[in-house]
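What you see is a predicted model, and the numbers here were worked out from it, not measured in a lab.
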Amino acid sequence: MTAPVFVVESVPQGGEYVLDGPEGRHAVSVRRLTAGEVVVLTDGAGSGAEGVVVAAEGKDRLVVKVTGTVVEEEPRPRITVVQALPKGDRGELAVETMTETGVDAVVPWQAARCITQWKGDRGAKSLAKWRATAREAGKQSRRLRFPRVADAMSTRQVGALLAAADFAAVLHEDRDADSGALALAPLPAEGDIVLVVGPEGGVSPQELAVFAEAGAQPYRLGRSVLRTSTAGTAATALLLGRTGRWS
């Protein structure tokens with residue numbers, strides 16, 4: 001089994017390091033790590049340190065001897081999913097599975113047909129949950145570079161993001177609409193790929209027009225219609241395979 005990952009503010013370069021606070025408590029009281037076990041410390045931005053546990057002290061202090069450092073390089077191409085806001089906890093589910101799969105960034109999108117509305121304190125709390133989910137899923141999947149969860153964007157802001165991408169697509173579930181197969185789309189070897197995942201009610205004609213003006217065309221994944229909380233994960237997996245990032 002690969003070594004468990006813990007988040008630190010600054011990755012140590014050598015010597016002994018004391019992991020304390022919430023991460024130390026999780027290591028000592030939840031994971032019950034003991035001397036001799038291997039761990040990885042990361043800043044979540046691509047840098048990590050491998051180490052061996054020297055001692056577990058109390059309930060929240062883990063002493064680690066750093067044995068080496070490692071860097072997770074910037075991905076090529078970079079994959080961003082613009083995720084329409086799902087109902088309930090399906091947003092966290094989408095972020096969790098996309099993170100485990102390998103997405104590089106997630107952008108919450110307040111689409112016209114979203115039932116969920118991020119306003120005021122509720123919006124701030126929901127965004128914080130998405131970011132915490134990305135962090136925990138990044139640790140669980142042993143990543144050193146966690147996906148960035150951006151502030152929620154409007155349709156116009158998403159359009160600007162699509163216009164700057166090297167490949168932009170809208171995952172469209174309307175079978176009567178003209179769309180291409182994402183599995184056959186020409187993809188760049190470098191740069192940014194941005195995918196838009198619409199809400200359960202679909203992407204509105206007005207939104208499609210904004211995205212088309214930005215250079216994003218509608219694409220489909222297959223014959224079945226996926227829920228908004230799973231489409232981004234399926235599309236990310238497809239692109240990771242096609243671009244060689246899963247090779």
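- Taking 4.0 Å as the cut-off between side-chain N and carboxylate O, D104 and R76 do not count as a salt-bridged pair.
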| Stepwise side-chain contact (heavy atoms from CB on, under 4.5 Å) check, D60 with V28 | CA-CA 6 Å; D60 62 357; V28 175; 5.8 Å; no
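- The pair E100-R143 fails the salt-bridge criterion, with no side-chain N (NZ, NE, NH1 or NH2) lying under 4.0 Å from an Asp/Glu carboxylate O.
- T236 places a side-chain N or O within donor-acceptor distance of the main-chain N or O of G232, the cut-off being under 3.5 Å.
- The pair K65-E50 does not meet the salt-bridge criterion, since no charged nitrogen lies less than 4.0 angstrom from a carboxylate oxygen.
- Of all non-hydrogen atoms in W246 and A237, the two that sit nearest each other are CH2-CB, 3.6 Å.
- Distance check: R245 CZ to R78 CZ gives 9.0 Å after rounding to the nearest 0.5 Å.
- The structure places CG of L195 at 5.0 Å from CG of L239, a figure rounded to the nearest 0.5 Å.
- Across every non-hydrogen atom of A3 and V38, the tightest pair is CB-O, 3.5 Å.
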| request: Show your working on side-chain contact (heavy atoms from CB on, under 4.5 Å) between R227 and T230 and close with a plain yes or no. | output: CA-CA 5 Å; R227 300 203 68 161; T230 55; 4.0 Å; yes
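- Looking only at distances, a side-chain donor or acceptor of R145 sits under 3.5 Å from a matching main-chain atom of A45.
- The backbone N or O of S154 sits less than 3.5 Å from a side-chain atom of Q157, completing a donor-acceptor pair.
- Between the side chain of T116 and the main chain of P86, a donor-acceptor pair closer than 3.5 Å is present.
- A single hydrophobic cluster is not seen to contain both M98 and V5; linkage of ILVMFWY side chains at heavy-atom distances under 4.5 Å, directly or through other members, places them apart.
- For the pair P205 and R113, the tightest heavy-atom approach, listed with the atom from each and the gap, is CD-NH2, 3.6 Å.
- Hydrophobic clustering, with ILVMFWY side chains joined whenever heavy atoms are under 4.5 angstrom apart, groups V18 together with V54.
- A donor-acceptor contact under 3.5 angstrom links the side chains of E37 and T34, judged on distance only.
- Distance CZ/R90 to OG/S229: 4.5 Å, rounded to 0.5 Å.
- Checked by atom type and distance alone, the side chain of Q117 pairs as donor or acceptor with a backbone atom of C114 at under 3.5 Å.
- Without hydrogens or angle criteria, S247 side chain to G244 main chain gives a donor-acceptor distance under 3.5 Å.
- Going from atom CD of E190 over to atom CD1 of I193 covers 10.5 Å, rounded to the nearest 0.5 Å.
- The shortest side-chain heavy-atom distance between Q13 and T69 falls under the 4.5 Å cut-off.
- The aromatic ring centroids of W118 and W109 lie 6.0 Å or more from each other.
- Separating the OG1 atom in T42 from the CG atom in L144 is a distance of 4.5 Å, to the nearest 0.5 Å.
- For an aromatic pair to be called close, the ring centres must be under 6.0 Å apart, and Y219 with F167 satisfies this.
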| said: Quick one, V203 with V170, criterion side-chain contact (heavy atoms from CB on, under 4.5 Å). Give me CA distance, side-chain angles, the key distance, then yes/no. | reply: CA-CA 9 Å; V203 183; V170 181; 4.1 Å; yes
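- Not counting sequence neighbours, F146 has no partner by the ring-ring contact (aromatic ring centres under 6.0 Å, His included) test.
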| query | Can R135 and E23 be said to form a salt bridge (Lys or Arg N to Asp or Glu O under 4.0 Å), step by step? | reply | CA-CA 12 Å; R135 169 187 165 115; E23 291 291 275; 3.7 Å; yes
| query | Please walk me through it: do E200 and K87 pass salt bridge (Lys or Arg N to Asp or Glu O under 4.0 Å)? | reply | CA-CA 9 Å; E200 298 291 352; K87 295 182 293 184; over 6 Å; no
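- Using modelled atom types, one finds a donor on one side chain and an acceptor on the other under 3.5 Å when comparing Q83 with T228.
- Residues that satisfy the side-chain contact (heavy atoms from CB on, under 4.5 Å) test with V64, not counting sequence neighbours, are V39, L62.
- Counting only N and O atoms by type, the side chains of T99 and E96 include no donor and acceptor under 3.5 Å apart.
- Although no hydrogens or angles enter the test, the distance criterion places no donor-acceptor pair under 3.5 Å between the side chain of D20 and the main chain of G24.
- The nearest pair of heavy atoms linking V66 to A49 is CG1-CB, 4.1 Å.
- Atom CG of L187 sits about 11.0 Å away from atom CG of D166, to the nearest 0.5 Å.
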| said: Between V81 and V107, does the side-chain contact (heavy atoms from CB on, under 4.5 Å) criterion hold? Intermediate values first, please. | reply: CA-CA 6 Å; V81 172; V107 177; over 6 Å; no
